[in-house]
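Report on the following structure.
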There are 2 protein chains.
Amino acid sequence: MDTRERLIESAQALLWERGYVGMSPKAIQDRASAGQGSMYHHFENKAALASTAIARSAEQLYASARKEFTQPCSALDRIVAYLNRERDALRGCRVGRLTQDPEIIADPQLRQPVQEMFAKLTQELASLIVEGQKAGEFSAEMNPEDTASTILAVLQGAYVLARAANSTEPYDRAIAGAISLLKHQGGVKRASRK
Amino acid sequence: MDTRERLIESAQALLWERGYVGMSPKAIQDRASAGQGSMYHHFENKAALASTAIARSAEQLYASARKEFTQPCSALDRIVAYLNRERDALRGCRVGRLTQDPEIIADPQLRQPVQEMFAKLTQELASLIVEGQKAGEFSAEMNPEDTASTILAVLQGAYVLARAANSTEPYDRAIAGAISLLKHQGGVKRASRK
DNA sequence: GTCTATAATTCGATAGAC
DNA sequence: GTCTATCGAATTATAGAC
C-alpha cells in the first residue's frame, strides 16, 4: 500500500478513536509509518487529510448499509436486520462520532460528508418504511421520515449509552426496545379498523 | 461568584463545547478570568477540575429530568413531556457528549458520573413504564428496561442527527417518531387478548 | 517523494514572589 | 489566594537537502 493510502487509513482510525481535535499530525504519521515531509507532500494540512478520510468513512459506511437495505426479504425484516447488524458498540460510530467535534461542525468541508451520509440513510429507511406500509407491515399512520430518523437516532444514541456504561448491555437493550416498538406499532389503529 | 466556582462553570461550558481533549487549561482560565496559579491552587490538575465539572453537569441534568418525571399526570404523559422538553438540539447533550472522549472513557473517575446519570435515568424511565403498564397505557409485553434505553438512545442520537445536518429538523423528527411509536404500540397484543 | 532541521505557539504544569 | 516566570514536551507547520 502506498504512503498516501496509509495516511488516509491512519487518519480514519484516529478520527474514530480521538476525533479531529484529538488527532495530531504526529500521531497520523507514526501510525502510517510516514515522515513529516511525506504527509505535507500528499496533503496541504491536517484539515485536507481529515476531509479525505471523513469522506471515505462516510462512503464505506453508507455502502455497507446499502447491502442490508437491498436484501431479498420484507421491508420490516431488512430494517430489523440493519438494527441487529453486528457492531462494535463500545467503539461507537466512526461517522456519528464526528458530530461532537466543534471544528468539524464549524467547517462545511469537513461536515458535508457526514451530513450527506445521514441524509441518504434517512431517505433509504423512509423508502423501506413506505414499502412496508404498502405490504401491510406498518401502519399507514406512521410518518416514514419521522420513523426513519428515530431508527437512526436509536442506533447513534445506543452507542452513547454503551460507552457511558462501558458495556454493550444498554446498546443491546435500546436496539431490542426499538425493534419491539416497530413490530408492535399501529395495532390499535388496525384493530379498531376491524 | 468566587474564583473556584467560576473555574468549574468555565470547565463545564468548555467540556460541552469542545470535550476534555479539546479543553485547555489556558482556555478555562481565560473564560473564568482567573490566572494560572489560581487554577492550580484550587485544583490539582486538569483532570481534577474536569472531574468536578462533569459530576456537577450530571447532577444538574439528572435533577432537571426528575422534575419532568414527577409531574402530576399519567406516566405516558410524563415520558412524552420529557421527550418534548425544550432542548438546544444543535448544542447537544452536555453529558452524553463526554462519552465520545477517549480520555474520559478511559478514566473511571471521569466516566463514573456519566455512567451513573444514565443508569439512574434508565431506572426512572423503566419505573414510569411499569407504572404506565399498570394503568393500561402500555402493553404488558413491553420490556420496561429495554424501552427505557430506547427512549434515552433516541434523545442522544437525535442530537447527533441535528449536529450532522446543522439543523434541528432531524432531531424533531426523531422525537416525533419515537412518541408516535410509544403511543401506538402494543395494540395488536391487547386487541388479540380480547 | 521522503527526509531532517527549524520554528512559533500552545500545552500542562511547577516555583516562588507577593 | 493570586500573580508572574519558567519549563520540557507536543503541536502544526515551513524550508530545504537528498
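Bear in mind the structure is a predicted one, so any value in this text is a computation, not a measurement. Lettering of chains follows the sequences in order, A, B, ..., and the numbering in each one begins at 1.
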Exercise for review: Mind calculating the distance between CZ (B/Arg18) and P (C/dT10) to the nearest angstrom?
Suggested key: 13 Å

Point to revise | Electrostatic pair A/Lys120-A/Glu124, nearest N-O below 4.0 angstrom | key: no

Review point. Is B/Arg56 salt-bridged to B/Glu5, cutoff N-O under 4.0 Å?
Key: yes

Study note, to complete from the structure: In whole angstroms, the gap separating P of D/dG1 from CD of B/Glu5 amounts to 14 Å

Practice item. List in chain and number order the residues that pass side chain to side chain contact (heavy atoms under 4.5 Å, CB included) with B/Arg31, two or more places apart in sequence or in another chain; answer none if no residue qualifies. Key: B/Ser10, B/Ala13, B/Leu14, B/Glu17

Review point. Going only through I, L, V, M, F, W and Y residues with side-chain contacts under 4.5 Å, is there a path from A/Ile105 to B/Trp16?
Key: no

Exercise for review: Encode nucleotides 2-18 of chain D as B, S and - characters from 5' to 3', where the letter depends on protein heavy atoms closer than 4.0 Å: B to the base, S only to sugar-phosphate, - to neither.
Suggested key: BBB------SSBB----

Practice item. Inspect the contact between A/Asp107 and A/Arg111 and indicate whether a charged nitrogen and a carboxylate oxygen are less than 4.0 angstrom apart. Key: no

**Study point:** Separation of atom CG in B/Leu49 from atom P in C/dC11, rounded to whole Å
**Key:** 15 Å

Point to revise | Rounded distance (Å) that lies between atom P of C/dG12 and atom CZ of B/Phe43 | key: 16 Å

Check your understanding: Nearest 0.5 Å, what's the CE-OG1 distance between A/Met142 and A/Thr147?
Key -> 4.5 Å

